[in-house]
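Here's the structure we're looking at; comments come further down.
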There are 2 protein chains.
Amino acid sequence: MLGQLMPVTIKEIAEIAGVCHSTVSRALHGNEMINAGTRAKIKRLADEMGYVPSAVALSLRSQKTLTVGIVVTSINDPFFGRIVEGIENVARAANYSTFLSTSGFGEVGEREVVQSFYRRRVDAIIISSLWGDLTLGEEFERIKIPIVLINNQTEGKYLHSVAVDDVRGGEVATRHLLELGHRRISYLETKNRWKSNRLRREGYEKAHRAASVPLDPKLVIPPLADDDVSRGEKALEQLLEAKATAVFCYNDMTAIGLMNACRAARVRVPQDISIVGYDDVELTNHVTPALTTMHQPRRQLGQQAMEMTLALLAGEDSVPDQVLDSRLVVRASTASPA
Amino acid sequence: MLGQLMPVTIKEIAEIAGVCHSTVSRALHGNEMINAGTRAKIKRLADEMGYVPSAVALSLRSQKTLTVGIVVTSINDPFFGRIVEGIENVARAANYSTFLSTSGFGEVGEREVVQSFYRRRVDAIIISSLWGDLTLGEEFERIKIPIVLINNQTEGKYLHSVAVDDVRGGEVATRHLLELGHRRISYLETKNRWKSNRLRREGYEKAHRAASVPLDPKLVIPPLADDDVSRGEKALEQLLEAKATAVFCYNDMTAIGLMNACRAARVRVPQDISIVGYDDVELTNHVTPALTTMHQPRRQLGQQAMEMTLALLAGEDSVPDQVLDSRLVVRASTASPA
DNA sequence: TTGTATGCGTTATCAT
DNA sequence: ATGATAACGCATACAA
């Protein structure tokens, strides 16, 4: 049906113009000394014929593709949407294109994706999805291109990263509850992002120590489900048993699940229990009551990651890891205990 | 093992193996008659050296890049997330990679993106973002590759498309309200997607005619803001003036904006006013009351689009446009009028 | 069975 | 000022 009519090449332009293809190349590039007449003629011709240079050929020759691969666990997750947006904006402004790929949660998916990016000869890779301290290390060892991790979950030091200070985040969130007067504050853990989970819990503990409020292990609720929302929904019972008056949740979706459970059980938020989330997903503004949460600068996370990538690509010697700050957004889901 | 700066090429393997590079190529491809010994040796060598073929070189030679470009207005919009996910899954299974790019809402962004994809020599383009009946037509005219539109907003017939039946969707949503006993039902319009807006309104009118309920032009509320949510928030006053007892909103985000306004004004949903959204974004399940809405099979939309693309790429003669059905999801935001 | 040569589209280094 | 030629990495038609 669609006759794959081939794109115009400089060779074809050259033929019609009655010159050599290298002349066309020069004319189009402009920066050579070339007869003004032929240059004009060739430019006009190229325009008429709808010439668009082949990035493929350019890539082969220059050994640079001007592409970066992005891997996220799920493109649907509202958390990643803004990150990708941030990356894409900076990338586009720098004439880079982005390959997007999802890895799911398994390590296998990640290897596959990285492998595929390597075949494509992307100039760099930005990853916002590491599942654990996987063996992807070897993979990276061989692939000598810049790799930037966003909120990375590994300890490897050979990689560049931009992240939010999770310890501080957990600390600020918890302090907010302490300052409201809460003394029995729960932390609701997650399953699949063990590092940031640990850091936020560290912050949670740190805040308690700073306020000289004793920690009760019973108040740390381990993950009861895979899915973020269900995890929150299933936690209510344990929270009540532990007599918590406030909860700091690993992320917003878990907090929202918990809120659902509270509504169903006629537990009032924030009168009976205060809830703090993490991420500040759009959603948090639209639930009832609006959720108090730690705002993560997600768009900026993506932008910084891409800017670091560009710096690395430009061969800059020292591209320091970035640590961004999250900030508390107080809404309606937290209050002083009864 | 030995990580070198540049990726390994068949030439390098050939040198070490003491054979010609074409022999390596054949050995790696397997389907040629070749000495079993040398094949094994070469394969082992390639493995040891960490050889990964260059997709760039392959593309140049084969004139196929095994890539498709995706353009959406915003990657952050929950509506597009699932669509992209659907595309990506099918694409990856078929060994295609996806370039992702956002166009914003202007036509300029779209041209730019399509242009960039063309330079990259993508094999096809999937667009889920057309702003109007833009002049992108010429652009497509020249680019002789398959283009698949998702929920397209243009009338061009030279393009392929997969869409949800908006007329029927509007009709079903409205009928639901009519069946609940409502007689003054508003339609809340949108701004930047005039075609589907028109179609949903058509469905809205059709349902009224089918039920012999007179239409009141005052009940159709034109867009009062650019942003989806604000549009909903600003509409309440006019709704009350028009004495509407129910509202069919162009999409979920607008419906949620309206719900916010209702809460602020102490207008009870659904007791005082029933609200129906459109899209069934995740969010709708988590607002209070949970939103009744038209479910769009977004993931399937993406999958179908990519499958159509693959069919077109495979040279299939007739690849019919797809029209998917949306279905009503009744939740808590609708009830019979007082 | 394997080596040689060619071309994909482009830029760059030679010549002329 | 411009033409000829090589090179980027790979697959393949043709020769041996």
Side-chain angles (χ1 to χ4, degrees), chain A residues 4-43 45-46 49-67 95 118-123 143 145, chain B residues 4-43 45-46 49-67 95 118-123 143 145:
Chain A
Q4 292 267 44
L5 208 53
M6 303 305 263
V8 179
T9 69
I10 52 170
K11 212 169 155 187
E12 292 165 346
I13 299 179
E15 203 164 341
I16 295 184
V19 296
C20 173
H21 70 277
S22 53
T23 302
V24 175
S25 174
R26 283 185 285 243
L28 261 28
H29 262 296
N31 56 349
E32 305 280 338
M33 1 168 242
I34 204 171
N35 183 296
T38 48
R39 160 183 294 153
K41 179 175 154 194
I42 288 173
K43 280 203 167 177
L45 215 48
M49 298 172 69
Y51 171 73
V52 176
S54 160
V56 175
L58 248 61
S59 297
L60 183 59
R61 199 192 139 73
S62 67
Q63 298 291 78
K64 287 180 188 323
T65 55
L66 295 185
T67 60
N95 268 313
Y118 184 45
R119 298 185 76 249
R120 296 272 177 206
R121 297 295 190 268
V122 296
D123 295 336
I143 303 181
I145 61 175
Chain B
Q4 46 262 79
L5 217 59
M6 299 303 276
V8 180
T9 69
I10 51 171
K11 210 169 155 189
E12 292 165 347
I13 298 179
E15 202 164 341
I16 296 184
V19 298
C20 172
H21 68 278
S22 54
T23 302
V24 175
S25 172
R26 284 185 283 244
L28 261 26
H29 263 297
N31 54 349
E32 305 280 338
M33 2 168 241
I34 202 170
N35 182 297
T38 49
R39 159 182 296 153
K41 179 174 155 196
I42 288 173
K43 280 202 168 177
L45 215 48
M49 298 173 70
Y51 171 72
V52 176
S54 160
V56 175
L58 248 57
S59 297
L60 185 59
R61 205 198 128 76
S62 68
Q63 298 290 76
K64 287 178 189 321
T65 55
L66 295 185
T67 59
N95 269 315
Y118 184 45
R119 291 179 41 105
R120 297 270 176 210
R121 296 295 190 267
V122 296
D123 294 337
I143 303 180
I145 62 176

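Note that the coordinates shown come from a computational prediction; the quantities given were computed from them, not determined experimentally.
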Expressed in angstrom and rounded to an integer, what is the separation of [X] atom [atom1] from [N] atom [atom2]?
{"X": "A:Arg39", "N": "D:dA1", "atom1": "CZ", "atom2": "P", "result": "10 Å"}
{"X": "B:Ile42", "N": "C:dT2", "atom1": "CD1", "atom2": "P", "result": "8 Å"}
{"X": "B:Leu60", "N": "C:dT10", "atom1": "CG", "atom2": "P", "result": "9 Å"}
{"X": "A:Arg26", "N": "C:dC14", "atom1": "CZ", "atom2": "C1'", "result": "10 Å"}
{"X": "A:Glu15", "N": "D:dG3", "atom1": "CD", "atom2": "P", "result": "13 Å"}
{"X": "B:Leu66", "N": "D:dC10", "atom1": "CG", "atom2": "C1'", "result": "14 Å"}
{"X": "A:Met33", "N": "C:dT16", "atom1": "CE", "atom2": "P", "result": "16 Å"}
{"X": "B:Arg121", "N": "C:dC8", "atom1": "CZ", "atom2": "P", "result": "14 Å"}

Any side-chain N or O of [X] under 4.0 Å from OP1/OP2 of [N]?
{"X": "A:Thr23", "N": "D:dG3", "value": "yes"}
{"X": "B:Ser25", "N": "D:dA11", "value": "yes"}
{"X": "B:Ser54", "N": "D:dC10", "value": "no"}
{"X": "A:Thr38", "N": "D:dT2", "value": "yes"}
{"X": "A:Lys11", "N": "C:dC8", "value": "yes"}

**Study point:** Non-hydrogen side-chain atoms of B:Tyr51 and B:Val24 separated by less than 4.5 Å
**Key:**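 Sidechains of B:Val24 and B:Tyr51: no contact.
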
If you look at every strand shown and take non-hydrogen atoms under 4.0 Å, does [X] touch a base, only sugar-phosphate, or nothing?
{"X": "B:His21", "answer": "base"}
{"X": "A:Ile34", "answer": "sugar-phosphate"}
{"X": "B:Val19", "answer": "sugar-phosphate"}
{"X": "A:Ile10", "answer": "base"}
{"X": "A:Pro7", "answer": "nothing"}

Check your understanding: Does the side chain to side chain contact (heavy atoms under 4.5 Å, CB included) test come out yes or no for B:Lys41 and B:Val19, once each step is laid out?
Key -> CA-CA 11 Å; B:Lys41 179 174 155 196; B:Val19 298; 5.8 Å; no

Point to revise | DNA chain C: 5'-proximal contact among B:Gln63 and B:Ser22 (nearest heavy atom) | key: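 Nearest-nucleotide comparison on DNA chain C picks B:Ser22.
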
**Study point:** B:Arg61 vs B:Asn35, nearer the 5' end of DNA chain C by closest nucleotide
**Key:**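 Closest to the 5' end, via its nearest nucleotide, is B:Asn35.
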
Point to revise | Smallest separation among heavy atoms of B:Val122 and B:Thr67, with atom names | key: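 Minimum heavy-atom separation between B:Val122 and B:Thr67: CA-OG1, 3.4 Å.
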
Point to revise | Heavy-atom pair of closest approach, residues B:Val56 and A:Arg120 | key: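 That would be CG2-O, 3.9 Å.
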
Exercise for review: Under the side chain to side chain contact (heavy atoms under 4.5 Å, CB included) rule, what do B:Ile13 and B:Met49 come out as? Steps first, then yes or no, please.
Suggested key: CA-CA 8 Å; B:Ile13 298 179; B:Met49 298 173 70; 3.9 Å; yes

